[in-house]
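The structure appears below as structure tokens.
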There are 2 protein chains.
Amino acid sequence: MDQVDHGSYVPVYQQLVAIMKKRIESGEFPPGRLIPSEKTLQQEYGVGRDTVRRVVEILREEGLIFTVPHRGSYVAER
Amino acid sequence: MDQVDHGSYVPVYQQLVAIMKKRIESGEFPPGRLIPSEKTLQQEYGVGRDTVRRVVEILREEGLIFTVPHRGSYVAER
DNA sequence: AGTAATTTGTTCGTATGTATC
DNA sequence: AGATACATACGAACAAATTAC
């Protein structure tokens with residue numbers, strides 16, 4: 001499950017939240033590290049910005065990342 | 001009548017049209033002023049974007065506001 | 001010092017699907 | 001059957017701040 005399925009009944013944004021959580025928890029993005037930019041995530045997963053921003057917002061609300069405007073989103077300390 | 005009643009027989013969009021008219025006519029949004037964005041209105045009234053866009057469209061057709069794409073909707077001169 | 005590229009913030013435009021009344 | 005209403009999803013445009021060179 002490393003890609004998004006547009007045909008699934010599970011919303012794309014929920015799928016991508018799960019993917020990004022896995023990438024963070026696996027250690028691919030350690031605390032303090034910048035996650036890929038919105039544009040990069042759009043291209044990597046073939047989704048719209050709307051969807052990416054929603055995913056980032058959810059990760060932020062759940063405390064996994066924090067966003068610095070015009071810089072990017074960093075993985076939070078755990 | 002500053003909030004929307006989802007249980008009413010009056011459609012939500014009509015209720016919201018009435019509310020926004022009142023807000024405009026009361027002077028809360030003077031001519032030239034931007035009204036709240038679609039997203040803000042969604043959150044303020046707990047309605048979907050569909051409904052908000054319909055409200056804005058009606059206000060526009062009635063000449064109370066005019067919309068500039070990617071900017072917002074301004075209160076018209078009266 | 002200054003310009004260009006990058007990145008997030010914000011807003012409206014459009015379309016589709018689903019459910020309810 | 002039709003109107004109402006919400007959710008999802010992609011685009012496009014522009015602003016503003018930061019970073020890179």
Side-chain angles (χ1 to χ4, degrees), chain A residues 1-21 23-24 29 32-76, chain B residues 1-21 23-24 28-29 31-76:
Chain A
M1 198 266 286
D2 55 340
Q3 278 298 319
V4 141
D5 175 13
H6 276 78
S8 167
Y9 287 105
V10 180
V12 173
Y13 79 92
Q14 284 179 16
Q15 295 179 47
L16 191 47
V17 164
I19 291 172
M20 290 305 293
K21 277 187 183 175
R23 291 182 75 179
I24 290 171
F29 305 122
R33 172 77 57 79
L34 270 175
I35 66 171
S37 72
E38 290 176 0
K39 189 174 186 180
T40 300
L41 290 175
Q42 282 181 67
Q43 293 167 341
E44 277 183 2
Y45 294 100
V47 298
R49 194 184 175 194
D50 209 32
T51 302
V52 168
R53 284 184 62 78
R54 194 162 182 169
V55 168
V56 169
E57 185 185 9
I58 290 173
L59 295 175
R60 188 166 49 235
E61 284 170 353
E62 296 192 3
L64 278 75
I65 62 175
F66 61 96
T67 301
V68 180
H70 312 117
R71 282 277 270 296
S73 291
Y74 297 86
V75 177
Chain B
M1 198 269 285
D2 55 341
Q3 278 298 319
V4 142
D5 176 13
H6 277 79
S8 167
Y9 287 105
V10 180
V12 173
Y13 78 93
Q14 284 178 17
Q15 295 178 48
L16 190 47
V17 164
I19 291 172
M20 290 305 294
K21 277 187 182 174
R23 292 182 73 179
I24 290 170
E28 180 180 348
F29 305 123
R33 171 78 57 79
L34 272 173
I35 66 171
S37 72
E38 290 176 1
K39 188 175 185 180
T40 300
L41 291 176
Q42 281 181 67
Q43 293 168 342
E44 277 184 2
Y45 294 101
V47 297
R49 193 183 174 193
D50 213 29
T51 302
V52 168
R53 283 185 61 77
R54 193 168 189 159
V55 169
V56 169
E57 184 186 8
I58 291 172
L59 295 175
R60 189 166 49 235
E61 284 171 355
E62 296 191 4
L64 276 75
I65 62 174
F66 61 96
T67 301
V68 180
H70 312 118
R71 295 295 300 220
S73 291
Y74 298 85
V75 177

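Not measured: the values here are computed from a predicted model. Proteins come first, then strands; the chains are lettered A, B, ... in the order of their sequence lines, and each starts at number 1.
Of the residues in residues 48-60 of chain A, those placing a heavy atom less than 4.0 Å from an atom of DNA chain D are A:G48, A:R49, A:D50, A:T51, A:R54, in numerical order. Contacts between residues 33-46 of chain B and DNA chain C, defined by a heavy-atom separation under 4.0 Å, are made by B:S37, B:E38. Shown for residues 5-13 of chain A: residues whose heavy atoms fall under 4.0 angstrom of DNA chain D, namely A:H6, A:P11, A:V12, A:Y13.
A salt bridge between B:K21 and B:E62 is present, with a side-chain N of the basic residue lying under 4.0 Å from a carboxylate O of the acidic one. Using a 4.0 Å cut-off between charged side-chain N and carboxylate O, A:R23 and A:E44 make a salt bridge.
Between B:R60 atom CZ and B:T67 atom OG1 the span is 4.0 Å, to the nearest 0.5 Å. Remark: B:T51 OG1 to B:Q15 CD distance equals 10.5 Å, nearest 0.5 Å.
Between the NE2 atom of B:H70 and the C1' atom of C:dC12 there is a distance of 5 Å, given to the nearest Å. As rounded to whole Å, 15 Å separates atom C1' of C:dT8 from atom CZ of A:F66.
Residues A:G46 and A:H6 approach most closely at O-CE1, 3.5 Å, considering heavy atoms. When every heavy atom of A:Y74 is checked against every heavy atom of A:G32, the shortest pair comes out as CD2-O, 3.2 Å. Annotation for B:I19 and B:V4: closest pair CD1-CG2, 4.2 Å, computed over non-hydrogen atoms.
Residues A:Q14 and A:P69 both approach DNA chain D. Their nearest nucleotides, taken by heavy-atom distance, put A:Q14 toward the 5′ side.
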- prompt: After noting the C-alpha distance and the side-chain angles of A:V75 and A:L64, does the key distance pass the side chain to side chain contact (heavy atoms under 4.5 Å, CB included) rule?
  reply: CA-CA 6 Å; A:V75 177; A:L64 278 75; over 6 Å; no
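B:Q42 contributes no side-chain N or O that, together with a main-chain N or O of B:V52, makes up a donor-acceptor pair within less than 3.5 Å. Proximity of a side-chain donor or acceptor of B:E38 to a complementary backbone N or O of B:R53 within less than 3.5 Å is not detected.
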